[in-house]
Asks: 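The structure's right below; bear with me while I get my questions together.
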Amino acid sequence: MAIVWGKAGVDGLGEAVGALREWQTDGAPMQLHPGDVGWFWRFGAEATAAAVRTWSRGGRILAVGLLDGPGLLRLTMAPDARRDEELARQLVEDVTRPERGVLPEGKADIETPAGSLVRDLLFEAGWKAGEPWTPLRRDLTEPVGDPGMRVEVIGPETADVRAAVQRASFDGSRFTDDLWHAMASGSPYADARCLVAYDDQDDAVAAVTVWSAGPGRPGLLEPMGVHREHRGHGYGKAITVAAAAALQELGSSSTIVFTPSSNVGAVATYRSAGFRQRPEVQDQSRDA
């Protein structure tokens, strides 16, 4: 049967997210997670549907991609399809021909799972190693411990607090409570939590969103940030410990996070919170 690709469409987002949930297992390569789609959902269901691509054969989804920015495609596939030659060659053809509508012309980056055939074929086609990223993981089979400060779960009535910490943590962030409500309306958020940590003066100093992929599967931290005026006090470690505890309560087997290797401070924070650093991975890049 022929492999068919297309944009998910609003009605197809649930199926795409469901496939991503099934593909998350401990020990698997770092890959696109349902939480990545959930975080993108802050732009609304229609924008998310326009950014999600699926490749199917015989009615079964074999690969899912998220156009996470103008020239960044985050791509993963079913575990038993990572070395599927027909799928890999179709993916390479689709991403290298702008008229297909998968990726635009010009400079582009693709995130693919380590060990996948499509990754090998992209290198053969002239794509080069791009930005290095550091994956980290924490096992959740043992008790997580107390974060050592007050941490609250954010709901609709306190979305403005979550949004304010996000803006104060990331330069250029335009996150608002309206975007939070859009994100929370998406299906992935049914198994997600937003947390905010407060210092002794009752100031909101750090925030994180955690995404479960279902019981017994790895959960994701995306994003985590510390207010720029409150850094250097261990709040990043505290909110990360709280995030791990929240995912444990949701039934996650482990918690994972992915950060640019150049962000050495973030890597150190996650390690201090009990995460173990895994081998570095790199995107694949095409020049303009």
Side-chain angles (χ1 to χ4, degrees), residues 1-38 40-41 45-105 108-127 130 186-188 190-191 211 213-218 220 281 283-286:
M1 294 183 180
I3 293 174
V4 178
W5 95 268
K7 295 181 181 179
V10 173
D11 293 340
L13 281 174
E15 185 181 6
V17 169
L20 290 175
R21 288 179 187 275
E22 292 179 7
W23 300 345
Q24 309 301 314
T25 59
D26 289 308
M30 295 294 285
Q31 60 180 327
L32 187 67
H33 190 278
D36 294 309
V37 178
F40 193 95
W41 213 299
E46 291 186 1
T48 305
V52 172
R53 289 95 167 86
T54 62
W55 286 261
S56 304
R57 182 168 55 205
R60 179 197 174 203
I61 294 179
L62 297 178
V64 175
L66 173 67
L67 192 63
D68 199 6
L72 171 60
L73 181 69
R74 306 182 63 187
L75 181 66
T76 193
M77 56 283 305
D80 63 347
R82 290 190 189 123
R83 302 296 299 180
D84 185 307
E85 184 171 358
E86 182 186 17
L87 174 64
R89 294 195 180 280
Q90 184 68 55
L91 289 169
V92 170
E93 183 176 0
D94 288 341
V95 302
T96 54
R97 296 176 59 182
E99 67 271 18
R100 294 291 181 91
V102 177
L103 267 175
E105 288 186 277
D109 295 279
I110 296 181
E111 175 190 298
T112 53
S116 60
L117 181 57
V118 66
R119 186 173 180 84
D120 298 341
L121 295 181
L122 283 170
F123 279 131
E124 290 180 12
W127 289 65
S187 60
D191 295 317
W211 306 87
R217 300 185 184 277
L220 175 73
V281 297
D283 290 346
Q284 292 171 279
S285 180
R286 177 186 70 195

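These numbers come from a predicted model, not from an experiment.
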Asks: Among all residues two or more places apart in sequence or in another chain, which pass the side-chain contact (heavy atoms from CB on, under 4.5 Å) test with Asp26?
Replies: Arg137, Pro218, Ser253, Ser254
Asks: Can you tell which of Val95, Thr112, Val118 makes a side chain to side chain contact (heavy atoms under 4.5 Å, CB included) with Gln284?
Replies: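 It is Thr112; the other options fail the test.
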Asks: Kindly write out the residues that satisfy side-chain contact (heavy atoms from CB on, under 4.5 Å) with Glu93, not counting sequence neighbours, or none if the list is empty.
Replies: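 Applying side-chain contact (heavy atoms from CB on, under 4.5 Å) to Glu93 gives Gln90, Arg97, Arg100.
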Asks: To check you understand the geometry: which heavy-atom pair defines the closest contact between Leu117 and Glu85, and what is its length?
Replies: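 Leu117 and Glu85 have their closest heavy atoms at CD2-CA, 3.5 Å.
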Asks: Kindly say whether Gln24 contributes a backbone atom to a donor-acceptor pair with the side chain of Arg217 at under 3.5 angstrom?
Replies: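 Judged by distance alone, yes, a pair lies under 3.5 Å.
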Asks: Drop me the distance from Leu122's CG to Thr96's OG1, to the nearest 0.5 angstrom.
Replies: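 Atom-to-atom, Leu122:CG and Thr96:OG1 are 8.0 Å apart.
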Asks: Any salt bridge (Lys or Arg N to Asp or Glu O under 4.0 Å) pairs touching residues 66-76, not counting sequence neighbours?
Replies: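 The answer is Asp36-Arg74, Asp68-Arg74, Arg74-Glu111.
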Asks: By salt bridge (Lys or Arg N to Asp or Glu O under 4.0 Å), which residues pair with Asp191, not counting sequence neighbours?
Replies: Arg21
Asks: What is the minimum heavy-atom distance between Ala47 and Phe40, and which atoms define it?
Replies: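 Closest pair (atom of Ala47, atom of Phe40, distance): O-CE2, 3.7 Å.
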Asks: For Pro98, what residues pass the side-chain contact (heavy atoms from CB on, under 4.5 Å) criterion, not counting sequence neighbours?
Replies: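 side-chain contact (heavy atoms from CB on, under 4.5 Å) check on Pro98 returns Glu105.
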Asks: Indicate the atoms forming the closest heavy-atom contact of Ala16 with Thr54, along with that distance.
Replies: CB-CG2, 4.0 Å
Asks: Run the ring pair (Phe, Tyr, Trp, His ring centres under 6.0 Å) test against Trp211 and tell me which residues pass, sequence neighbours left out.
Replies: Tyr189
Asks: If the condition is side-chain contact (heavy atoms from CB on, under 4.5 Å), which residues does Asp80 pass it with, not counting sequence neighbours?
Replies: Arg60, Ala78
Asks: What's the spacing between Thr76 OG1 and Leu66 CG if we round to 0.5 Å?
Replies: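 So the OG1 of Thr76 and the CG of Leu66 are separated by 12.0 Å.
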Asks: Would you list the pairs meeting side-chain hydrogen bond (donor to acceptor under 3.5 Å, both in side chains) in which at least one residue belongs to residues 4-17, sequence neighbours left out?
Replies: none
Asks: Of all heavy-atom pairs between Pro79 and Trp23, which one has the smallest distance, and what is that distance?
Replies: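 Result for this residue pair: CD-CD1, 3.5 Å.
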Asks: Kindly determine whether Trp55 and Val102 satisfy side chain to side chain contact (heavy atoms under 4.5 Å, CB included), including the steps that lead there.
Replies: CA-CA 11 Å; Trp55 286 261; Val102 177; 4.0 Å; yes
Asks: Nearest 0.5 Å, please: how far is CG in Leu91 from CD1 in Ile3?
Replies: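 Here the interatomic distance stands at 7.0 Å.
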Asks: From Leu75 CG over to Leu32 CG, what is the distance, rounded to the nearest 0.5 angstrom?
Replies: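 Here the rounded value is 8.0 Å.
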Asks: For Glu124, give me all partners under salt bridge (Lys or Arg N to Asp or Glu O under 4.0 Å), at least two apart in sequence or on another chain.
Replies: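 If we apply the salt bridge (Lys or Arg N to Asp or Glu O under 4.0 Å) test to Glu124, skipping adjacent residues, there are no hits.
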Asks: Can you name the nearest heavy-atom pair linking Ala213 to Pro34, along with the distance?
Replies: CB-CG, 4.2 Å
Asks: Can you tell me how far apart CG (Leu20) and CE (Met77) are? Round to the nearest 0.5 Å.
Replies: 11.0 Å
Asks: Taking only residues two or more places apart in sequence, or in another chain, which ones meet Arg57 in a salt bridge (Lys or Arg N to Asp or Glu O under 4.0 Å)?
Replies: Asp84, Glu86
Asks: Is there a side-chain contact between Arg82 and Pro29 in this structure, where contact means two heavy atoms from C-beta onward sitting under 4.5 Å apart?
Replies: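 The answer is yes; the side chains approach within 4.5 Å.
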Asks: Listing request: all salt bridge (Lys or Arg N to Asp or Glu O under 4.0 Å) pairs with a residue in residues 114-123, at least two apart in sequence or in separate chains.
Replies: Arg83-Asp120
Asks: Minimum heavy-atom separation for Ala8 to Leu13, with atom names?
Replies: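 Looks like CB-CD2, 4.2 Å.
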Asks: With sequence neighbours excluded, tell me which residues meet salt bridge (Lys or Arg N to Asp or Glu O under 4.0 Å) with Asp109.
Replies: none
